[in-house]
Structure formats: C-alpha cells, structure tokens
Amino acid sequence: MSEIRTRFAPSPTGNLHVGGAHTALFAWLFARHEGGKFILRIEDTDEVRSTEESLAAIYNGLKWLEIDWDEGPDVGGPFGPYIQSERLNTYHEQIDRLIESGRAYRCFCTAEELDERREIMRARGIPPRYDGRCADLSEEQIQMLLAEGKPYCVRFRTLQTGATVIQDLVRGEVSFDNDLIGDFVIRKTSGYPTYHMAVVVDDYLMGITHVIRAEEHLANTPSHVQILDALGFERPIYAHLPLILGPDKTKLSKRHGAVNLLDYRDQGFLPEAMRNFLAIIGWSAGAEQEILDHDELIAKFTLEGVSKSPGVFDLEKAAWLNGEYLKAADAEYLTGVLLPLLREEGLFEEDASEERMQWLIAVVDLMKERTRLLTDFVTWGRYFFTEEFVYDNKARQKWLSREDVPDRLDALAEELAAVPEWTVDAIEQAIRGLAEELEVGAGQIIHPCRAAVTGQTIGPSLFHLIELLPQETVVKRLHRAAELGRAGEMQPVGSSD
RNA sequence: GGCCCCAUGGUCUAGUGGUUAGGACUCCGCUCUUUCAAGGCGGUGGCACGGGUUCGAUUCCCGUUGGGGCUACCA
C-alpha cells in the first residue's frame, strides 16, 4: 500500500474539545506509527458558527499535546488549501457533476415548508426524511424556478433499494438499508457545501487513506459512501473510534465540567500526562502498561488495540497519571512549567536571580513527590513563598491549640536560631536534641514545628523543607505560632478542615 | 419512534471454548516514616439477563434489558 495519510478535520466552532483531541490523537498516532502523514483540515462550512478564535484554539490545543501536522492551513502542502471555505469551487465542480449525472438535484423547498412537513411525518409516525418533492421536477419547471430567482439547495439522490455496507476497522462490517436514508442536502442555499459533501470530496482529493473519526459519524458513513460511489471515487478505510463519555455515561459535554482541552492545562495537567490519559481511553497496548510517553505511544499504537465500547473520562485517574508524571519529571523542567503559574499567583518574582532559580528548583524537587496537579505546588507549597499562608484546622486542632505547644515552639526557635550552619543535618540535630532535652518523643517537637512553619500537618520531609526556608523566617514563624497559640488564636475555625 | 453501535468490578481495561478471570484508578485495611495527599504490603468488588450450540461457555449464535450514537440547508 502507498503512504498512509490520516487527518483531523475539526470545525472551528469553539474550543478544542476533549473528544476532538482524543480523535486527533488517535489519527495522529496511527499516522506516526505507520510512518505516514497527518493532515489538519479545517471544516468551516458552517459559515454562521465558525470563528477565527476557534481556529487559534485548535492550533493551541494540538500544539499543547505535541500533536504536529505535516499538511495544514498554516504549513500548506501539496493538496491545499486546507480550509474548506477556500475550496468552494472544488465542491461546486463535484456537485455539478452529480447534478449532471442525475445523482443530485435542485430542491426549491424552503426551510419552513420542510419543517412543517417533517412535523406532519413525525406526528404520523413516519420516519421524518425528505419526501422527494423536488426529486423529479422537469427541466422546464427547473428553468422556470431558476428564472424566477427562487433560491434552492442541492440534494443528493440516495439509493432506495438494497443496502450500503461499510467495512470498519474497529467495528467490522456494518450494513445500512438504503431506503432509510432520505435525499440529504449537499449544497446549502448559501452555496456552501454541507459537511457530508465537503468531507467526502476532501478526503478523496487529499488522498486520505484512513478516515479515523469518532463513532458519532458511523451512521453518516453510508451517506458518505454513496456520494463517493456516485462520484466514482475510491472509498477510504474507515475506523470509527469509541466516544468519550461523562460520569453519567452520556457523550462528554459541558454539563460534565470542563470539555475544553486547555482548561486542563489551567487545572494543572502536564500535556504529556493528558496525552497519555487520552490515549488509554479506548485504546490499550495489550500489555499491563498504562504509562506511555510520546515515543512509546507511537511505537505501540495500533488500530487493533482500539476498543469498541465508549469510555468514561475519569478525572481521578487522569490526576493520578498526572501525579506519576510529576514524580518522574525533571525538577528543572517542571520548574519551567510552573513558573508562569507561580508568577500569576504573585508568589515568585519576575526577575529572579540564578541563585533564586536554583532554590525554586530545589523546592519543586522536594514537592513533586506528593503532588498530583501543578496547582498543588501553589496550594500546598504556599508557605515556601510567602508568610501569607493559613494554619489549617487539622494543624490547629492537633498541635497549635495545645497548651504545651507554645513553650516548645519558643524553645525550638531558640535552638534553631543558634544553629551555625543551616543544613539538613544541623536542623535535624537541633530538633531531635530539643526533644531529648525535654524528654519527649521527637514527634512532639516535629509535628508542632511542621504545623507552625507550614500551617499543615502533612508535607515533605520536615528537615529538608526547613532547610529551604531562611533561618530567620523559620525562627520567626515558630515564635509567631507560639504567640498566637498563647493568645488563643489557634483554635480551629470554620466548620471543617 | 426508526436505524446503527456497544456491554469483563464504581471507572479505564487485559484475556480465553476448559484460567484461582490479570492489571490500573478509586475505596478500605495494615505497615514504614517526623506527617500523608508519599512509599511498601494486603483486601473488598466483575464476565448484564435469558435461551441455545457444545462434553464444557465470560468467550460463539439468537433474543431481552441497559447504555450510547445517528435520524438538520451542525459538524
């Protein structure tokens, strides 16, 4: 077989949807795995809803996931243009061929008339499809209506007997009775082709070998195949992918929360984790490996591994996966990703010195072990960057509100203030030393100390965390917590947590 | 309504005409540690149902149920 060519053909009518990203990813993975080409084509035949911003959103979403395309509106290619609104003549040509051969005809029915008749059919329990009123107008009638300047659309004359059988790589053979498909519109009154017409013409003319798209298009495929056959165009190989569902098992939509891919970036997901997660919805390498990086995904992806059943978008698992990526990530790289977020929160200066950057990297390195989202660095690691952190209720309840704690915190502050060299070992010695001196378990010092310094009961290794804070800051925080404790300001607040 | 697709724990899935039905997330327990939202160990939980075919069906066929998709001058 000649070169494999797949495409992603979104309509620029909103953000890049998670479902769209899923489809794009699979088509891209297949092309890359096969050493073929991946084409981006913009299907803006909905003149009303298409927008420029949306086009940019699609680019950004794909780029975020590191899905690159060999041909497309911005990079060009031998089969351009890759924007359907710039290909209108091409569609007109093919539609005219269809009209000439009798496989398509002009329809002068108005939208209102159509609606009305559809309602009647529905009321009478008849499947609502075009009744063929304009299917057999005489040449004279047509010329007359045209002369009157009556607006018209063009309909495809579908087969009325037999069945259209399609071979689908994931679903096998699927058959549709032809008499169920009514004559559908292929060119709107506006002159724009409909999706069904444009998709078929472009896939053929652009040499697409494998049409990989979501299952919602499966039922449209017989219509596409009929146009292809009527035009004398070879059919591509079809592969209809399982849909992504929300927790309630309906097609993932806005009701379920974020469906805009880039919202997940803002929620703290790493692109490589999101790509990995999307890849394992509806596909499996067969082995018991779920964490696959860019190259492994390409190496292992096959259409045979695609499942037929739809999959729920499980945010919990996505977050877990993200955590795995965070743990494995290089601290310096992570710091780079995190920087904009920290600055946005006003937690880190714009003009940081090299020394400060090294410090940040150390903080990230310490924190990344127990984070799941990038935003966790901000919410759980706030105390690294500012004195404006809160003492959570667990910390208040378990330690900070205890009567014997303030004295210990002050004592510890003295010990730590006296540490000559601010190292992990020295810090640990000071803390454990005080415990011995007071004849209490080390935990009786460690826990209150963590609570006072971080406001939390959990977090990274205390000694390491303290080392990353300036000595005087730690001392100050210990005294402050002691004072607040004595003043009765450390009682739990609010309802819970 | 009609047509089409789908069906392994709550979720993502591996798998087979004979398996103790495997893994991952979640949840629970234990454990380590200065803490856990980290690590280690363990556990609860599944082949939707009914008929066939077969010596034997989770696996093959049919039906039922359930879910989803399509049924536009949206894509």
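Given the structure is predicted, the values throughout are model-derived calculations rather than measurements. So that the names make sense, note that chain A is the first sequence line, chain B the second, and so on, each numbered from 1.
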Taking the [atom1] atom of each, how far is [N] from [M], in whole Å?
N	M	atom1	value
B:U13	B:G17	C1'	22 Å
B:G68	B:C60	C1'	25 Å
B:U71	B:A24	P	41 Å
B:U26	B:U33	C1'	24 Å
B:C3	B:G45	P	41 Å
B:G56	B:U19	P	14 Å
B:A57	B:G18	C1'	9 Å
B:C28	B:A21	P	27 Å

Taking only side-chain nitrogens and oxygens of [X], does any of them come within less than 4.0 Å of OP1 or OP2 of [N]?
X	N	answer
A:T45	B:A75	yes
A:K327	B:G39	yes
A:R129	B:G2	no
A:K249	B:G10	no

Touch check for [X], heavy atoms < 4.0 angstrom, all strands: base, sugar-phosphate only, or nothing?
X	answer
A:S307	sugar-phosphate
A:S284	sugar-phosphate
A:H240	nothing
A:E316	sugar-phosphate
A:L114	base
A:L462	base
A:D46	sugar-phosphate
A:G441	nothing
A:G311	sugar-phosphate
A:F463	base
A:T457	base
A:P460	base
A:R372	sugar-phosphate

Between [options], which nucleotide gets closest to the side-chain atoms of [X]?
X	options	value
A:D314	B:G10, B:U35, B:G68	B:G10
A:S309	B:A38, B:G68, B:A7	B:A7
A:E290	B:C12, B:U34, B:C25	B:C12
A:R118	B:A72, B:A7, B:A75	B:A72
A:K188	B:U35, B:C74, B:C6	B:C74

Which nucleotide, if any, forms a Watson-Crick or G-U wobble pair with [N], using both distances under 3.5 Å?
N	value
B:C70	B:G2
B:C60	B:G52
B:C47	none
B:U65	B:A7

Quick one: [X] [atom1] to [N] [atom2], roughly how many Å, whole number?
X	N	atom1	atom2	value
A:I281	B:C12	CD1	P	9 Å
A:F156	B:C73	CZ	P	16 Å
A:D168	B:G69	CG	C1'	14 Å
A:L245	B:C6	CG	P	14 Å
A:L159	B:C3	CG	P	19 Å
A:M197	B:C73	CE	P	16 Å
A:R450	B:U35	CZ	P	9 Å
A:I181	B:G2	CD1	P	18 Å

Next item on the list: Nearest-nucleotide wise, let me know which of A:F176 and A:A219 is further upstream toward the 5' end of RNA chain B.
Entry: A:F176

Check: Between A:R155 and A:V312, which is nearer to the 5' end of RNA chain B once each is assigned its nearest nucleotide?
Finding: A:V312

Could you tell me whether the side chain of [X] has a donor or acceptor atom within less than 3.5 Å of a complementary atom in the base of [N]?
X	N	result
A:E216	B:G68	no
A:T189	B:C73	yes
A:S461	B:U34	yes
A:K317	B:A24	yes

Next item on the list: Determine, stepwise, if the pair A:H224 / A:H196 fulfils ring pair (Phe, Tyr, Trp, His ring centres under 6.0 Å).
Entry: CA-CA 6 Å; A:H224 298 173; A:H196 303 295; 5.1 Å; yes

Note to self: Does any part of the side chain of A:L366, heavy atoms only, come nearer than 4.5 Å to the side chain of A:F384, both counted from C-beta?
What the structure shows: yes

Note to self: I want to check something: taking the side chain as every heavy atom from C-beta on, are A:V474 and A:W422 in contact at a cut-off of under 4.5 Å?
What the structure shows: yes

Check: Salt bridge check: are A:D404 and A:R408 linked by an N-O gap of less than 4.0 Å?
Finding: yes

Notebook entry, point to check: Is the shortest distance from a Lys or Arg side-chain nitrogen in A:E215 or A:R171 to a carboxylate oxygen in the other one below 4.0 Å?
Noted result: yes

Next item on the list: For A:H17 and A:S253, test the side chains for any donor-to-acceptor distance below 3.5 angstrom and give the result as yes or no.
Entry: no

Next item on the list: May I ask you to check whether A:Q226 and A:T164 show a side-chain donor-acceptor distance below 3.5 Å?
Entry: yes

Next item on the list: Start with the C-alpha gap between A:R41 and A:D203, add the side-chain angles, then the distance that decides, and say whether salt bridge (Lys or Arg N to Asp or Glu O under 4.0 Å) holds.
Entry: CA-CA 10 Å; A:R41 182 177 70 228; A:D203 282 342; 2.9 Å; yes

Check: Looking at A:Y325, A:F313, A:Y264, which hits ring pair (Phe, Tyr, Trp, His ring centres under 6.0 Å) with A:F277?
Finding: A:F313

Next item on the list: Evaluate the side-chain hydrogen bond (donor to acceptor under 3.5 Å, both in side chains) criterion for residues A:H240 and A:R213: first the C-alpha distance (whole Å), next the side-chain angles of each, then the deciding distance (0.1 Å), finally the verdict.
Entry: CA-CA 5 Å; A:H240 287 92; A:R213 54 174 29 160; 3.2 Å; yes

